[in-house]
Structure formats: C-alpha cells, structure tokens
Amino acid sequence: MQNLNREQYTTAMEGWVYAKTDLRSLEELFPANHIFNISTEQVDWLRKTNANKEFCAEVGVVEGRLSIMLSALDEKGNRIAVGEVPYSVFEPLKEDITLTETQTYSVVKKVVLSKDMRKIDNDSDMYYPIANKPIMEQDKAVDSIESWQNNGQDWFYAEYKQNGGKGIFNKFYVPADKICHGDQQFSFVCSFGLKYSEIYQKQLPALIFIGVHNNLGGSVETISNTYDYAKPCPPICKIPDFGIDE
C-alpha cells in the first residue's frame, strides 16, 4: 500500500492549492483517460480505521502527479491521526472495465375463480424492482464520465475565471458503507465525472467508484458495481472541516 508521511502529505496538499490557481498546471495534471486505482488493501484499511459514515478522498500533487489521499474520520467527522496516509496516483486505465447492473423484476399473475369455480379473469402485472435497487444506473455513470472527459477542462476554466480557482474541489466526501462492503474483497477504479446539481444550479464534479470483485464466482451477488456518491468540497463541505493549516 502506497503511503505518505505527514510532511509528504502536507506538501501534496500545498501542491494542489497552488495548481488550482494555474490553468496550465490543471491541464497537465488531468490528462484524458486517467483514473485512480483503489486497492483491496486500501479498502481494508478504511474498513478497519474509519469510524464515520463517510471518509474523505483528499486531492494532492505527489511528485508532479495528481493523487487522492484517503483520510479516515472519527464519529464527529474529524480526521483520525495516523502515522502514514494511503494514496493513489492518477494513471492511465490499463484495460477495459465493465460497469454492471442487475435489475430484478416480479411478475404477479392473478386468476379469479367464480363461485361456481370457473375462471372469470386472468391478468398479470410486472413490478420492478422488487429488491436490490441498483445504486446508480450505469448509463448515468457513463454519461457523467464522458461529460468530464469532454468538458472537464472547460469546467476548470469557468471556475478559474469566476474566482481564480478557489471554488475548485479540495476533497470529496465518500459514504463508507458504499465502498467498504463488509468482508467482500473489492478494489475500485475511481474516475472523475461531471453532473448537474439542481441545488447549486451548475455542473459539479463527482468521483465515480467502479468496483472490481476479486472473486466473482461462487455466491457473491453484485447488483451494481458503480457508485457516484462522492461529493466535492467545495461547495459541499462538512463541519468540522480541515485543511493544510490544521
């Protein structure tokens, strides 16, 4: 598992704060078709360390490469002090990845018998889904990822023109239960996406997690391996918050 010590972690965060103010740096840090790989070891670390319903994926620059650093939170939302911070670098997607989604249908068939035991009605209704509602429709995930690929640099430019890059995300809050599936051994491919927010009335970035199970055979049930619950800060920041001056 790749880790940063405290000094490297602080340097990485400072590197991102600087990069947000320079359009050329932003363009160099966000090449197309790059993703973060979150290993099963990192997921296990979060499962054992995080004590909150969310954890944090903080953005940094490590040796000139965009990275996300995983921060476990306590019950109140404060970062849990650890000796080293796990991180993943932004790197090319090495092979095709499959987004899966299973929808469950229930067909209810009704037959009505008359008092003299003759069939007088016969119909059926389909209800869906009856269980295991997919977390995110894969079409929406693909649209979001493609929107980032096509418009991500334009989004950075708009934010830069508006406030000098101060509104560009520093971190993402991720619901832990969506990523830490009990004892199931998932790794994740993590991609940026771009989605419209009705609340903020503008496009906002998201982190989309695509799960890869180490053992898809046996009794493992995967109804959806696509999650987009990670929310950017800013603008969606939690209290208490934390930064490099902590």
Side-chain angles (χ1 to χ4, degrees), residues 1-39 41-42 45-46 49-50 54-73 77-94 145 148-149 151-174 188-194 203-209 230-238 240-246:
M1 185 166 67
Q2 298 181 108
N3 293 318
L4 301 173
N5 62 32
R6 183 67 184 185
E7 181 180 354
Q8 292 170 325
Y9 163 79
T10 301
T11 299
M13 294 189 70
E14 291 174 342
W16 174 241
V17 170
Y18 169 77
K20 292 199 306 178
T21 65
D22 184 79
L23 286 175
R24 184 182 295 274
S25 294
L26 287 172
E27 183 176 0
E28 292 174 350
L29 287 172
F30 285 86
N33 307 321
H34 277 47
I35 50 85
F36 301 105
N37 281 303
I38 310 297
S39 69
E41 189 178 7
Q42 290 172 324
W45 178 86
L46 282 168
T49 310
N50 192 67
E54 296 177 311
F55 67 88
C56 230
E58 300 181 81
V59 183
V61 178
V62 178
E63 297 180 349
R65 302 176 68 183
L66 188 74
S67 303
I68 55 173
M69 301 165 290
L70 304 178
S71 289
L73 307 178
N78 298 305
R79 185 198 293 112
I80 295 175
V82 294
E84 294 185 320
V85 179
Y87 77 101
S88 297
V89 298
F90 210 38
E91 57 187 350
L93 183 62
K94 294 182 174 61
I145 293 170
W148 177 265
Q149 294 293 325
N151 305 304
Q153 289 299 326
D154 291 339
W155 183 86
F156 281 127
Y157 180 77
E159 289 292 325
Y160 178 82
K161 295 295 289 184
Q162 181 176 355
N163 54 25
K166 293 181 180 179
I168 295 174
F169 51 82
N170 293 317
K171 51 185 168 284
F172 291 81
Y173 286 93
V174 190
F188 289 88
V189 168
C190 185
S191 172
F192 285 101
L194 200 59
Q203 296 283 350
L204 291 180
L207 279 183
I208 297 174
F209 289 78
K231 307 300 183 185
C233 170
I236 309 172
C237 294
K238 308 290 183 179
D241 197 10
F242 48 86
I244 63 173
D245 56 349
E246 181 183 47

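In this chain, numbering begins with 1 at the start of the sequence shown.
- Between atom OG of residue Ser71 and atom CZ of residue Phe55 there is a gap of 10.0 Å, rounded to the nearest 0.5 Å.
- Of the N and O atoms on the side chains of Gln42 and Ser88, at least one donor lies less than 3.5 Å from an acceptor on the other residue.
- Residue Met69 holds its CE atom at 5.5 Å from CE of Met13, rounded to the nearest 0.5 Å.
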Exercise for the section: Check step by step if side-chain contact (heavy atoms from CB on, under 4.5 Å) holds for Cys56 and Phe172. Expected result: CA-CA 6 Å; Cys56 230; Phe172 291 81; over 6 Å; no

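- Distance alone, capped at 3.5 Å, is enough to place a donor-acceptor pair between the Asn163 side chain and the Lys166 backbone.
- Put simply, CD on Glu41 and CD on Gln2 are 10.0 Å apart, with the number rounded to the nearest 0.5 Å.
- Side-chain contact between Leu204 and Leu194 is absent, with no heavy atoms from C-beta onward closer than 4.5 Å.
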Exercise for the section: Take Leu4 and Val62, measure what side-chain contact (heavy atoms from CB on, under 4.5 Å) needs, and give me the verdict at the end. Expected result: CA-CA 9 Å; Leu4 301 173; Val62 178; 4.0 Å; yes

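- In this structure, Asn33 contributes its side chain and Pro92 its backbone to no donor-acceptor pair below 3.5 Å.
- With a 4.5 Å cut-off on side-chain heavy atoms, Val82 and Thr49 count as touching.
- Ring pair Phe36/Phe192 is perpendicular by interplanar angle, where above 60° counts as perpendicular and below 30° as parallel.
- Note that OH of Tyr9 is 13.0 Å distant from OG of Ser67, once rounded to the nearest 0.5 Å.
- By the neighbour-count criterion of 12 heavy atoms within 6.0 Å, atom CD of Glu27 is sparsely surrounded, having that number or fewer from other residues, nucleotides or ligands.
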Problem - Derivation of the side chain to side chain donor-acceptor pair (under 3.5 Å) call for Asn170 and Glu58 - result: CA-CA 6 Å; Asn170 293 317; Glu58 300 181 81; over 6 Å; no

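- Looking at Leu207 and Ser191, their side chains never come closer than 4.5 Å, going by heavy atoms from C-beta outward.
- Under the 30°/60° scheme for interplanar angles, the aromatic rings of Trp148 and Phe169 are found to be tilted.
- Between Ile168 and Leu26 the shortest side-chain heavy-atom distance falls below 4.5 Å.
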Exercise for the section: Go through the steps for Val61 and Leu29 under the test side-chain contact (heavy atoms from CB on, under 4.5 Å), then give the verdict. Expected result: CA-CA 8 Å; Val61 178; Leu29 287 172; 3.9 Å; yes

Exercise for the section: Take Arg65 and Glu91 through the side-chain contact (heavy atoms from CB on, under 4.5 Å) test and state the conclusion after the steps. Expected result: CA-CA 9 Å; Arg65 302 176 68 183; Glu91 57 187 350; 3.8 Å; yes

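- Asn5 CG to Thr10 OG1: the interatomic distance, rounded to the nearest 0.5 Å, is 8.5 Å.
- Note that the CZ atom of Phe209 and the CD1 atom of Ile35 stand 11.5 Å from one another [nearest 0.5 Å].
- Shown here is Phe30, whose CZ atom has more than 12 heavy atoms of other residues, nucleotides or ligands within 6.0 Å.
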